[in-house]
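From a predicted model like this one, the values you see are computed outputs, not experimental measurements.
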Amino acid sequence: MSDLTLDTLVDDGNYLTERARTENKMILDELERKKKARTMAVPTDDNRVKAKLREIGEPITLFGERAADRRDRLIYVLSQIKAARGDDAMQIDDESDESSEEEEEEFYTEGSVDLLEARRRIADYSLPRAQKRIAQQRLDSKMELGRIVDIRKKVFAEVKKFSNLGSQIGDERPISQVRFAPNNKILATGSWSGSVRLWNVPACTPIRTLRGHSDRVGGVAWHPRATLSQSPDAVNLVSGGGEGTVNLWSLNSEQPISTMSGHEDRVCRVAFHPSGDYVASASFDTTWRLWDVNTSKELLLQEGHSKEVYSVEFQGDGALVASGGLDAIGRIWDLRTGKTAMVLDGHVQAIFAMAFSPNGYQIATGAADDTIRLWDLRALHPLYTIPAHTSNVSDIRFFNANDNFFKYTPPSTDVVMNASDGDTKPRDTPETESTSHDVALEEWKYRSGLFFASSGYDGLVKLWSADDWQLQRTLSTDAGKVMSVDISSDGNMIASGTYNRNFQLFTPDDIL
């Protein structure tokens with residue numbers, strides 16, 4: 001008997017039993033079927049899905065089956081039929097289905113006059129902001145490489161100093177989301193108990209409990225000028241509840257100023273437009289909606305996802321909005337035209353988190369596949385995939401520096417002795433002090449968007465660099481699931497909300 005080597009093992013076809021060959025073939029066939037099923041054109045309208053199921057002799061609905069589950073069952077049955085008949089046998093049907101779908105499902109809905117006016121106002125608001133952002137990026141592009149390296153080292157050295165400041169029981173049920181107020185002195189927490197609570201930070205003392213939801217709160221968001229120039233009696237906060245309503249809150253009342261109804265299912269994340277005039281809400285009714293804050297009216301009902309929509313987020317300029325759903329698809333919408341600017345197709349499980357970078361052309365998405373994906377809106381393709389957590393990525397937040405919190409420490413004006421002739425002279429002149437101020441401001445503006453935080457169901461908060469996507473710091477919490485994370489706009493605090501009803505604060509060691 002010849003010696004057994006890798007070459008002889010490969011050449012010998014008898015080392016596998018017939019049963020093993022059969023099992024391997026079945027596995028490969030099933031993988032091929034699933035691959036082809038993902039590319040099949042299947043109706044998204046529930047009535048057409050039922051009609052198709054009836055046509056092929058399948059039950060139109062099963063006990064407890066939702067519309068999304070019914071569509072998945074149709075995909076499975078059609079892929080089984082296709083595999084049984086062979087690819088060629090179903091090719092004509094696929095083409096006819098696609099053509100009929102294009103003819104029957106492509107439609108346009110006439111928008112209201114209010115929506116048209118809102119699109120014009122959003123365009124007027126976003127264009128100057130985009131122009132200013134691009135002008136700043138052009139200045140940043142001329143910065144010397146050595147200067148950039150120095151800023152990165154300084155910023156990431158500060159990021160690596162973050163540690164746990166403390167933990168506070170925030171509610172009777174899990175904390176679904178945490179968000180810092182624009183002045184960084186108040187933290188809002190939304191809970192599954194249906195309440196929104198306001199806390200003084202870093203003292204973690206309660207301010208007020210806002211009660212207006214009868215089911216779990218899925219998201220909270222601050223008005224861009226809340227706690228700064230916005231009146232406490234005006235709209236300062238928005239929240240979305242499991243009962244399907246969106247509430248607007250002031251800071252002086254425990255009851256909502258206005259309740260906006262329209263969603264047919266649970267509301268998850270909510271977001272304020274940078275102008276403060278509009279609110280977006282994502283819902284399990286497979287839509288996201290745009291609301292007018294001043295009139296509390298629904299301006300837009302946007303479809304486009306085949307399953308529940310979980311996350312929604314505005315771009316800093318205000319021109320774009322992103323939506324992410326349990327169908328593992330993200331979409332970037334142009335609010336000025338209503339068209340889809342980009343489809344974020346890459347995750348294999350539900351998208352739970354989305355965050356625009358302050359640079360305006362990158363977006364990060366986190367999903368149940370435990371990864372964070374970075375996308376480039378200019379090139380319309382993915383940039384990088386981070387294997388971020390060992391369980392669901394629940395939230396992502398970029399550091400967005402607010403110029404109101406820029407602090408300049410003038411250099412020392414001590415006199416120094418000239419060793420050669422014994423003369424004294426000031427250490428800095430007004431000209432050098434002005435130069436130092438400009439250099440410090442340049443550094444502050446450049447650090448905006450230079451790092452971001454992510455939270456996961458593995459109980460960790462992680463801090464990442466936003467230019468080479470490397471892990472900078474891992475922060476442990478006292479819970480198995482971290483539901484949300486946020487970074488203050490002065491960069492001095494990070495907050496996280498957990499499944500065990502707590503929220504945590506993290507600060508750099510030298511600020512403790």
*Identify, with sequence neighbours excluded, every residue that meets ring pair (Phe, Tyr, Trp, His ring centres under 6.0 Å) alongside Y446.*
none
*asked:* Restricting to ring pair (Phe, Tyr, Trp, His ring centres under 6.0 Å), what partner residues turn up for Y125, sequence neighbours left out?
replied: H273
Separation between [atom1] of [X] and [atom2] of [Y], rounded to the nearest 0.5 Å:
| X | Y | atom1 | atom2 | answer |
| --- | --- | --- | --- | --- |
| R336 | S126 | CZ | OG | 4.5 Å |
| F452 | L374 | CZ | CG | 5.5 Å |
| R266 | D215 | CZ | CG | 8.0 Å |
| E442 | Q136 | CD | CD | 8.0 Å |
| N359 | R133 | CG | CZ | 7.0 Å |
| L475 | S496 | CG | OG | 8.5 Å |

So, the side chain of [X] versus the backbone of [Y]: is there a donor-acceptor pair under 3.5 Å, distance only?
| X | Y | result |
| --- | --- | --- |
| Q177 | V220 | yes |
| S176 | V217 | yes |
| S79 | Y76 | yes |
| K462 | A388 | yes |
| H263 | D265 | no |
| W288 | A280 | no |

*Closest approach of R179 to V485 (non-hydrogen atoms, all atoms of both residues)*: NH1-O, 3.0 Å
*Evaluate the criterion side chain to side chain donor-acceptor pair (under 3.5 Å) for residue pair N200 and T205; output intermediate values, then yes/no.*
CA-CA 5 Å; N200 284 309; T205 55; 3.2 Å; yes
*For N392 and S394, what are the C-alpha separation, side-chain angles and deciding distance, and is it a side chain to side chain donor-acceptor pair (under 3.5 Å)?*
CA-CA 6 Å; N392 298 354; S394 57; over 6 Å; no
Going by atom type alone, with no hydrogens or angles, which donor-acceptor pairs under 3.5 Å involve a side-chain atom of residues 326-333 and a protein atom two or more places apart or on another chain?
| unit_1 | atom_1 | unit_2 | atom_2 | d |
| --- | --- | --- | --- | --- |
| D327 | OD1 | H305 | ND1 | 3.4 |
| D327 | OD1 | I329 | N | 3.1 |
| D327 | OD2 | H305 | ND1 | 3.3 |
| D327 | OD2 | S306 | N | 3.1 |
| R331 | NE | G304 | O | 3.0 |
| W333 | NE1 | S323 | OG | 2.9 |

*What pairs meet the ring-ring contact (aromatic ring centres under 6.0 Å, His included) rule with one or both residues in residues 159-203, with sequence neighbours excluded?*
W192-Y499, W199-F503
*Is any side-chain heavy atom of R289 less than 4.5 Å from a side-chain heavy atom of S283?*
no
Sequence neighbours left out, cut at 3.5 Å: what donor-acceptor pairs do the side chains of residues 142-150 make with other protein atoms?
| unit_1 | atom_1 | unit_2 | atom_2 | d |
| --- | --- | --- | --- | --- |
| R147 | NH2 | V439 | O | 3.0 |

*Check step by step if salt bridge (Lys or Arg N to Asp or Glu O under 4.0 Å) holds for E313 and R397.*
CA-CA 11 Å; E313 189 73 21; R397 299 292 286 178; 3.6 Å; yes
_M260/L248 under side-chain contact (heavy atoms from CB on, under 4.5 Å): CA gap, chis, key distance, verdict_ = CA-CA 8 Å; M260 300 182 290; L248 300 175; 3.9 Å; yes
*Taking the inter-plane angle between the rings of F399 and W444 on a 0 to 90° scale, is it parallel (under 30°), tilted (30 to 60°) or perpendicular (over 60°)?*
perpendicular
Answer yes if the side chains of [X] and [Y] hold a donor-acceptor pair under 3.5 Å, and no otherwise.
| X | Y | value |
| --- | --- | --- |
| T227 | N236 | no |
| S465 | Q470 | no |
| D395 | S484 | yes |

*Determine whether more than 12 heavy atoms belonging to other residues, nucleotides or ligands lie under 6.0 Å from atom CG of L301.*
yes
*asked:* Holding to side chain to side chain donor-acceptor pair (under 3.5 Å), I want the full list of residues that pass it with D345, two or more places apart in sequence or in another chain.
replied: none
*For the pair T189 and D171, evaluate side chain to side chain donor-acceptor pair (under 3.5 Å) and give the outcome as yes or no after the intermediate values.*
CA-CA 9 Å; T189 61; D171 212 294; 5.6 Å; no
